[in-house]
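The sequence lines fix the lettering, A, B, ..., with proteins before strands; numbering per chain opens at 1. Please read all numbers here as calculations on a predicted model, not as lab measurements.
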2 protein chains.
Amino acid sequence: MPLPPEIRYCNVCGDDVAFTVPSGDNRERHVCQGCGEIQYQNPKIVAGCVPVWGDRILLCRRAIEPRFGLWTVPAGFMENHETVEEGAMRETREEACAGMQNVRLYGVYSLPRISQVYVMFLGDLLSEDGFGIGAESLEVRLFGAEEIPWEDLAFPVVEATLRRYLAEREHAGFSIVLDDL
Amino acid sequence: MPLPPEIRYCNVCGDDVAFTVPSGDNRERHVCQGCGEIQYQNPKIVAGCVPVWGDRILLCRRAIEPRFGLWTVPAGFMENHETVEEGAMRETREEACAGMQNVRLYGVYSLPRISQVYVMFLGDLLSEDGFGIGAESLEVRLFGAEEIPWEDLAFPVVEATLRRYLAEREHAGFSIVLDDL
């Protein structure tokens, strides 16, 4: 994953930014040397979903970087002015052209190295063929447990979520996990 | 809550930014007219905790805006390179000088109007007097259920979390909720 670009200029006034501890703070921030505006950098939320039909799981093969050509569950950066559940449903629509029902929280995974938090849901597809190939996907299909392309999954959080789902569905019910990767 | 400042200049090259739909995207973004960098705006995570000692709850009276002088549970913007649980524990240390154990996920609340997601935890204080007044607090104290200052709470999400906690502890156990406010 490429490093994010350096923050050199102020979004508000265009003046130079220094990396320094603002007054009253306890850590270095990007502070505008003109207007004083602090350019805060915070973790991003990735909203994702495991869409299920019976005993099969819907996966998408990525048509975009990073991890072009590898498989993932529908997931992407949450947008302003939506709920995290709406974000997961939007990503599932965009990447897999799929609607869902019975969408429920399934996991909160922190990825501190890349400053992301994945909020993962489970959802039921509306029909067996109620999906298609979204603009960011090369291929979208349902996989049985024995067909999951473990060696070709895009991200560790996808593998962690799928392994937990397959293990838990053998037993009583589904938990909600908090974990880091 | 004041509106965030307008994004007018590029963080990377300092050139002018236009609010337009980038190629391959489906919504308006702040796009640099010089280098093309997109200045993405995404929801922020607020990591918070309900610190508990026996049947009492630790609350802080805010020494900062917004909601100066009103009561809250320890909570604040998650920082890069920490987990959401670490963020909640850091905020509890900073605002209430308190360490915790048995910290567990308690709720994910979307606030789409202000593009925030609160991730709330429950935690047990390490001792009855294991807290103090952090730099962002005017006052920090333990409240019994009948003492909660309902009329002077800082944010709806604080009230929602405390009401749920007090209701649930009467019964079998604690759930993890997904909700919007």
Side-chain angles (χ1 to χ4, degrees), chain A residues 4-17 24-27 30 32 35 37 39-47 64 77-87 94 103-117 119 121 135-136 175-181, chain B residues 4-17 24-27 30 32 35 37 39-47 64 77-87 94 103-117 119 121 135-136 175-181:
Chain A
E6 195 54 56
I7 293 171
R8 296 200 186 85
Y9 302 97
C10 175
N11 271 150
V12 177
C13 78
D15 213 331
D16 290 345
V17 158
D25 204 337
N26 55 16
R27 66 181 69 203
H30 295 88
C32 177
C35 72
E37 181 74 18
Q39 318 278 299
Y40 287 104
Q41 304 297 304
N42 298 95
K44 287 195 197 315
I45 297 171
V46 180
I64 54 172
F77 289 119
M78 185 179 169
E79 299 282 2
N80 278 353
H81 305 301
E82 67 183 1
T83 69
V84 65
E85 182 176 349
E86 287 168 350
E94 290 178 357
V103 175
R104 60 268 193 212
L105 182 62
Y106 191 50
V108 177
Y109 293 92
S110 296
L111 282 60
R113 280 182 297 272
I114 57 173
S115 298
Q116 293 181 357
V117 175
V119 183
F121 294 82
E136 298 182 354
S175 62
I176 301 175
V177 83
L178 173 78
D179 204 355
D180 337 318
L181 294 173
Chain B
E6 193 55 54
I7 293 171
R8 295 201 186 86
Y9 302 96
C10 176
N11 270 151
V12 177
C13 78
D15 214 332
D16 290 344
V17 158
D25 204 336
N26 55 16
R27 66 181 69 203
H30 295 89
C32 178
C35 72
E37 181 75 17
Q39 318 278 300
Y40 286 104
Q41 303 297 305
N42 298 93
K44 286 196 198 315
I45 297 170
V46 180
I64 53 171
F77 289 120
M78 186 179 167
E79 299 282 1
N80 278 353
H81 305 302
E82 68 183 0
T83 68
V84 64
E85 183 178 347
E86 287 168 351
E94 289 178 358
V103 175
R104 59 263 193 218
L105 183 63
Y106 192 51
V108 177
Y109 293 92
S110 295
L111 282 60
R113 280 182 297 272
I114 56 173
S115 298
Q116 293 180 356
V117 175
V119 182
F121 293 83
E136 298 182 355
S175 61
I176 301 176
V177 81
L178 173 78
D179 204 355
D180 337 317
L181 294 173

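- Taking OG of A/Ser110 as the reference point, atom CD of B/Glu86 lies at 7.5 Å (rounded to 0.5 Å).
- Between the CG atom of B/Asn80 and the CD1 atom of A/Ile114 there is a distance of 11.0 Å, given to the nearest 0.5 Å.
- When heavy atoms are compared at a cutoff of 4.5 Å, B/Glu94 approaches chain A solely by way of its side chain, counted from C-beta outward.
- When all heavy atoms of B/His81 and A/Arg113 are compared, the pair lying nearest together is CE1-O, 3.3 Å.
- For a residue to count as touching a neighbouring chain, one of its non-hydrogen atoms must lie under 4.5 Å from one of that chain's; by this rule B/Asn26 touches chain A with the side chain only.
- None of A/Val108, A/Thr83, A/Ile45, A/Ile176 except one satisfies the side chain to side chain contact (heavy atoms under 4.5 Å, CB included) rule with B/Val108; the exception is A/Val108.
- A 4.5 Å side-chain heavy-atom check between A/Glu6 and B/Val12 finds every atom pair outside the cut-off.
- Separating the SG atom in B/Cys10 from the OH atom in A/Tyr9 is a distance of 9.5 Å, to the nearest 0.5 Å.
- For B/Gln41, the parts lying near chain A are the backbone and the side chain together; criterion is any non-hydrogen pair under 4.5 Å.
- With sequence neighbours excluded, the residues that form a side chain to side chain contact (heavy atoms under 4.5 Å, CB included) with B/Tyr109 are B/Leu111, B/Tyr118, B/Met120, B/Val157, B/Ala160, B/Thr161, B/Arg164, B/Val177, B/Asp179, B/Leu181.
- Residues B/Asn11 and A/Gln39 form a side-chain contact, since some pair of their non-hydrogen atoms from C-beta on lies under 4.5 Å apart.
- B/Val17 does not touch chain A: none of its heavy atoms, backbone or side chain, sits under 4.5 Å away.
- Between the side chain of B/Asn42 and the main chain of A/Met78, a donor-acceptor pair closer than 3.5 Å is present.
- Heavy atoms closer than 4.5 Å to chain A are found in the side chain of B/Arg27, but not in its backbone.
- Interface check for chain A: of the options B/Arg8, B/Lys44, B/Glu79, the most heavy-atom pairs under 4.5 Å are formed by B/Glu79.
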